[in-house]
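Below, read A as the first sequence line, B as the second, and so on, with proteins coming before strands; counting in each chain starts at 1. Please read all numbers here as calculations on a predicted model, not as lab measurements.
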Amino acid sequence: MSADSLTVPDAGTRPATQRGRLGVPTIMPLAGTEFRLLSREWAAMLFAFVFPPLMLVVLAGSFGNQPDEAFGGVLPSDYYVAAYIGIPLGALALLGLPIMVASYRERDVLRRFEAFGVATVKVITAQALVTCALVVLAAALVVAVAAPTYGVPAVEDPLRTLAGFVLGTVTMIVLGLALGLSVRTARSAQALGMLAFLPMWLLGGGGPPRDILSDGMSRVSDVLPLWHVTAAIREPWLGTGSGGTHLLVLTGWLIVGLVAVTLLLRRRNG
Amino acid sequence: MTTATQRRPDLKPLPPDDHAITVDGLTKAYSGRQVLDGLSLHVGHGEIFGILGPNGTGKTTAVEIIQGLRRRDSGKVHILGLDPAKDQARLRHLLGAQLQSSELPERLKVGEALRLFARLAGDIVDWHELRDEWDLGRLERTAFGALSGGERQRLFVALALVNRPRVVFLDELTQGLDPAARRETWRLVRRVREQGSTVVLVTHYMDEAEQLCDRVGVLSGGRLRACGTPDELIASVGGSYRTRFSCTQTSALAGLDGLPGVHSVTHDGDAVEILGDSSSGVLVAAELVRRGVIPTDFLVSGPSLEDVFVSLTEGAAR
């Protein structure tokens, strides 16, 4: 074949069946594969799906069943049911996702996809989508465990509660992506993820109630994004607040995360 | 066989180009360290072109820039008439790559990998056919992490071909493989070329380059030190033929250095080494027989691509 008879497809005019490398048609098969792969990571799944309901059952049963000032005047069990919707989100975004991203970087899987015309941003978007789906499943599991044990409190402001859940999920996932892209190995991602998750879990609504924390720990808690996630869900759910301030703080964290992800992706192509 | 045009009715003609790849004055530096310093080369259509060079000499950087995976600092690069820095989207459909040290997720099964990459390529190729073509059927349900080195490379080659590429880059394809697996992989590379692709093979195994490559370029110091067929390079840069044998009577060696074509005679104990041109071995043998010396370990060896490599890369290092 002579050189000038070679032909090349034009991405803009190819039929729909051949749009494999464009946008959504690329991300969906990737997401499907990622979902299957993640379902084989039983240790990570056990932690994300078993740990939060288990802690919910233990903590919600430890503080009695009377309204308590330390919990903002609501039932401790209600407080923890609403808060623990956000805890599996923290586990999946700060542990599962960064390990997934970092292991792809460590094993140069990202470059293999790049060589195939699949940009890193599409691969991590697929991983983020899978994490989103798992967050919803894990939150549903928390509710399913709470319903027969402590009961699920009525949602006072469903729209604001949903807004808190959605913005919290997006923010934590973007921060998890930044964490995963910033380290070179899965082991580093696991270490840093644990370091980020444990204080956020204890001080971010999954541990002792905010009102019994010392001033110093309360100030630390104010900085942690997971506190604002659990509060943005819990306050409108239980009717103890609008969650507006927490949504604003989460928006700030989201911007920080997006800038970090953008810079880290640019650094990869140096 | 289905042609590219039959598969894709909406294709645009490529710019005409005499070569599959043309690189001119390519430079790249990392944090002030010059990795490529004016690299120029060309690869013909349908060739297996080998890129040789010491570790850290910029081989992988060069092929990644040619594929459009890295930005160049300066210089011109054209592949199939397109500039990889500007026409990445079009080129992605024409290139296949096996990247050095790049893996797949441990738990991804062979069949899932083939299905995923075929889907991402737009299902141009039926992944079942590719599976059977590359003898991956019995491994379809095996996880990537459980594959042997040779099986992994077979999968990587199959994945590199999932879009029926015009140019395939194979970077250190046989690194870490046992001799049998290496030979099996060489067979696969020849099959890739037989299917119509141009192959760029990055390697530091001289025997591999000698066996597989139509032409070889030797990189050192960020530049191309020599380029040609293995035979051309050996003839022009390879150096002397070596004649080796054992001899206990050093007196029998007297005057051998005066034979036509003999450059030098050295001995270390009983071990004798004579350097000379291609006819020197025969003349030395005849003279030894005439003198009644018949060594049982008489061996003549010609220069190899390894001699070319050492000569060029050591020269550049000095």
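In terms of non-hydrogen atom pairs under 4.5 Å with chain A, the most contact-rich of B/Q88, B/K109, B/R115 is B/K109. Of the listed residues B/P105, B/A160, B/G46, B/G96, the one with more heavy-atom pairs under 4.5 angstrom with chain A than any other is B/P105.
Among pairs with a residue in residues 77-88 of chain B, those fulfilling salt bridge (Lys or Arg N to Asp or Glu O under 4.0 Å) read B/R72-B/D83, at least two apart in sequence or across chains.
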Acceptor/donor pairs from residues 91-106 of chain A side chains to any protein atom, 3.5 angstrom cut, sequence neighbours excluded:
{"residue": "A/S103", "atom": "OG", "partner": "A/I99", "partner atom": "O", "Å": "3.3"}
{"residue": "A/S103", "atom": "OG", "partner": "A/M100", "partner atom": "O", "Å": "3.0"}
{"residue": "A/Y104", "atom": "OH", "partner": "A/E34", "partner atom": "OE1", "Å": "3.2"}
{"residue": "A/Y104", "atom": "OH", "partner": "A/E34", "partner atom": "OE2", "Å": "2.6"}
{"residue": "A/R105", "atom": "NH1", "partner": "A/L181", "partner atom": "O", "Å": "2.9"}
{"residue": "A/R105", "atom": "NH1", "partner": "A/V183", "partner atom": "O", "Å": "2.9"}
{"residue": "A/E106", "atom": "OE1", "partner": "A/A186", "partner atom": "N", "Å": "2.9"}

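Between the side chain of B/R107 and the main chain of A/L37, no donor-acceptor pair closer than 3.5 Å is present. Remark: side-chain polar atoms of B/R92 are paired, donor with acceptor, to backbone N or O of A/A115 under 3.5 angstrom.
Salt-bridge annotation for B/E106 and A/R107: present, with a side-chain N of the basic residue lying under 4.0 Å from a carboxylate O of the acidic one.
Across all non-hydrogen atoms, the minimal contact from B/E103 to A/V109 is O-CG2, 3.3 Å. For the pair A/R112 and B/L104, the tightest heavy-atom approach, listed with the atom from each and the gap, is CD-CD2, 3.5 Å. Residues A/F113 and B/L120 come closest through the heavy atom pair CE2-CD1, 3.9 Å. Across all non-hydrogen atoms, the minimal contact from B/V162 to A/F116 is CG1-CZ, 3.1 Å.
Neither the backbone nor the side chain of A/L110 comes within contact range of chain B, judged by heavy atoms closer than 4.5 Å.
Crowding of A/F35 atom CZ: a count of heavy atoms from other residues, nucleotides or ligands under 6.0 Å not exceeding 12. The environment of B/R191 atom CZ is dense: over 12 non-hydrogen atoms of other residues, nucleotides or ligands sit within 6.0 angstrom.
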